[in-house]
Amino acid sequence: QEPSARQQEPAAGEQEPSARQQEPSAGEQEPSAWQQEPSAAQQEPSARQQEPSAGKQQPAGEMTIERSSTNPAELASRQFDRGMRALEAGRTREAQERFQEALLLNPSFVEAREQLAVLYFSQGFLSDALRVLEQGLDVSPNEGRFLLLQARLLERSDQAALALEVLRPIPIRLPQYADALILRGALASDEGDFELAITTYEGLVAWRAQEGRWWLGLGIAYEQNQQLEDAGRAYMQALNDNRLTQASRDFIQQRLEAL
């Protein structure tokens with residue numbers, strides 16, 4: 001039985017992490033807020049039963065913007081640093097306010113927007129998290145990190161098909177969209193969109209031909225799309241990467257024999 005695109009790629013801790021696990025992602029910059037992430041059933045409470053949206057939780061008058069002759073970007077950076085310290089200390093309400101203040105001062109502050117979205121998501125406010133990221137795309141339409149984080153939040157909410165749709169329009173532009181394309185290749189294979197998976201992995205291996213895990217993903221997509229000769233060539237290319245685990249090598253040998 002053929003493993004899925006993610007199953008064939010090695011698990012975290014092995015030499016060859018899976019397509020999703022190896023991504024150096026926005027998530028790697030995320031603080032311990034991820035550790036507060038609710039279960040799948042709790043991640044997006046219903047519109048009626050849920051607490052008011054995250055944006056409504058903060059009583060009026062609590063947010064104070066620091067005023068001085070310092071430029072807004074520097075003030076935003078200070079608020080962000082305070083927010084990170086509050087988050088590390090477990091003061092999530094204060095962290096949320098600081099991140100909001102940072103974005104009021106500097107709407108194009110990518111890290112503050114990412115952290116606020118992650119914080120909302122960890123509290124069960126998926127819609128607020130997605131809204132914050134969508135607002136970021138209005139300010140910075142080419143910011144792939146917002147699209148990547150949107151897709152990851154949807155995937156963690158068991159909405160892989162929607163996550164794939166978020167990433168579908170991304171052009172093959174590397175290294176700018178590398179993380180997003182790696183995730184898109186895995187999602188496309190899992191969702192059975194093998195043509196998109198092929199297009200994505202072809203772009204990735206053209207950029208870095210030594211990455212065996214991408215050749216493996218490409219071979220699987222080719223085989224599933226009945227492009228058997230192409231699949232064989234891709235599998236052979238994957239074997240050139242010495243970092244592949246023995247399990248992946250054994251799988252490739254089985255597929256080559258079957259082809």
Side-chain angles (χ1 to χ4, degrees), residues 1-29 144-145 147-149 151-152 154-156 158 160-259:
Q1 181 179 359
E2 298 175 17
S4 70
R6 281 175 289 174
Q7 292 173 329
Q8 294 145 22
E9 297 175 11
E14 296 182 344
Q15 295 178 349
E16 181 197 5
S18 71
R20 300 187 195 190
Q21 293 168 328
Q22 27 150 316
E23 299 158 12
S25 62
E28 290 179 351
Q29 304 166 17
R145 288 161 65 178
L147 292 170
L148 176 62
L149 187 51
R152 282 191 172 143
L154 287 166
E155 183 193 14
R156 287 179 180 235
D158 297 323
L162 287 178
L164 179 58
E165 291 309 308
V166 168
L167 299 177
R168 185 180 295 277
I170 292 179
I172 304 292
R173 189 177 300 157
L174 296 158
Q176 181 179 359
Y177 296 128
D179 291 344
L181 290 170
I182 291 168
L183 179 57
R184 188 175 77 180
L187 285 171
S189 288
D190 288 349
E191 293 299 307
D193 192 338
F194 300 115
E195 290 187 0
L196 180 59
I198 288 169
T199 300
T200 303
Y201 281 123
E202 283 179 341
L204 288 167
V205 298
W207 175 49
R208 288 187 177 173
Q210 72 276 18
E211 294 291 343
R213 64 190 186 277
W214 298 342
W215 283 109
L216 176 56
L218 181 58
I220 293 168
Y222 277 145
E223 185 175 359
Q224 293 296 324
N225 209 43
Q226 300 304 309
Q227 297 175 234
L228 303 185
E229 291 185 6
D230 291 329
R233 285 192 290 268
Y235 287 142
M236 292 297 294
Q237 286 287 344
L239 290 174
N240 291 331
D241 187 349
N242 293 328
R243 294 168 296 179
L244 282 181
T245 64
Q246 189 59 48
S248 292
R249 291 179 176 279
D250 292 344
F251 170 77
I252 290 172
Q253 292 294 348
Q254 292 172 4
R255 299 317 309 148
L256 287 172
E257 292 174 6
L259 294 175

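Quantities reported herein were computed from a predicted structural model and do not represent experimental measurements.
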So, for [X] and [Y], which heavy atoms are closest and what is the spacing to 0.1 Å?
{"X": "Ile252", "Y": "Ala238", "result": "CD1-CB, 3.7 Å"}
{"X": "Ile198", "Y": "Ala221", "result": "CG1-CB, 3.6 Å"}
{"X": "Tyr201", "Y": "Gly185", "result": "OH-C, 3.4 Å"}
{"X": "Arg243", "Y": "Gln210", "result": "NH2-O, 3.2 Å"}
{"X": "Leu256", "Y": "Met236", "result": "CD1-SD, 3.5 Å"}
{"X": "Ser189", "Y": "Ala197", "result": "OG-CB, 3.5 Å"}

Legend entry - Any donor-acceptor pair under 3.5 Å from Asn225 side chain to Gln227 backbone: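 Not at all, since once roles are kept as given, no pair shorter than 3.5 Å links the two residues.
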Legend entry - Donor-acceptor contact present, side-chain Arg184 to main-chain Ile170, <3.5 Å: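 Such a contact is found between Arg184 side chain and Ile170 backbone.
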Inset, instruction - Any chance you could lay out the side chain to side chain contact (heavy atoms under 4.5 Å, CB included) test for Leu216 and Phe251, step after step, and finish with the verdict? - result: CA-CA 10 Å; Leu216 176 56; Phe251 170 77; 4.0 Å; yes
Legend entry - Worked verdict on Leu239 versus Gln253 for side chain to side chain contact (heavy atoms under 4.5 Å, CB included): CA-CA 9 Å; Leu239 290 174; Gln253 292 294 348; 3.7 Å; yes
Quick check for you: to the nearest 0.5 Å, what is the distance between [X] atom [atom1] and [Y] atom [atom2]?
{"X": "Trp215", "Y": "Leu204", "atom1": "CH2", "atom2": "CG", "value": "11.0 Å"}
{"X": "Gln237", "Y": "Glu211", "atom1": "CD", "atom2": "CD", "value": "13.0 Å"}
{"X": "Leu162", "Y": "Asp158", "atom1": "CG", "atom2": "CG", "value": "11.5 Å"}
{"X": "Ile172", "Y": "Leu181", "atom1": "CD1", "atom2": "CG", "value": "4.5 Å"}
{"X": "Tyr177", "Y": "Leu147", "atom1": "OH", "atom2": "CG", "value": "7.0 Å"}

Inset, instruction - State whether Asp193 and Arg168 are salt-bridged, where the test is any N-O pair (Lys NZ or Arg NE/NH1/NH2 against Asp/Glu carboxylate O) under 4.0 Å. - result: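 Yes.
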Legend entry - side chain to side chain contact (heavy atoms under 4.5 Å, CB included) between Glu202 and Tyr222, intermediate numbers included: CA-CA 10 Å; Glu202 283 179 341; Tyr222 277 145; 2.5 Å; yes
Between [X] and [Y], is any pair of side-chain heavy atoms under 4.5 Å apart?
{"X": "Arg233", "Y": "Leu218", "value": "no"}
{"X": "Glu223", "Y": "Leu228", "value": "yes"}
{"X": "Leu187", "Y": "Leu196", "value": "no"}

Inset, instruction - Decide if atom CD of Glu195 counts as having more than 12 heavy atoms of other residues, nucleotides or ligands within a radius under 6.0 Å. - result: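 No, the 6.0 Å shell around CD holds no more than 12 heavy atoms from other groups.
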Inset, instruction - Scan side-chain atoms only and decide if Gln254 and Tyr235 contain a donor-acceptor pair under the 3.5 Å cut-off. - result: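 The criterion, which ignores hydrogens and geometry beyond distance, is not satisfied for Tyr235 and Gln254.
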Inset, instruction - For Leu167 and Thr200, run side chain to side chain contact (heavy atoms under 4.5 Å, CB included): C-alpha distance rounded to whole Å, both residues' side-chain angles, the deciding distance at 0.1 Å, then the answer. - result: CA-CA 11 Å; Leu167 299 177; Thr200 303; over 6 Å; no
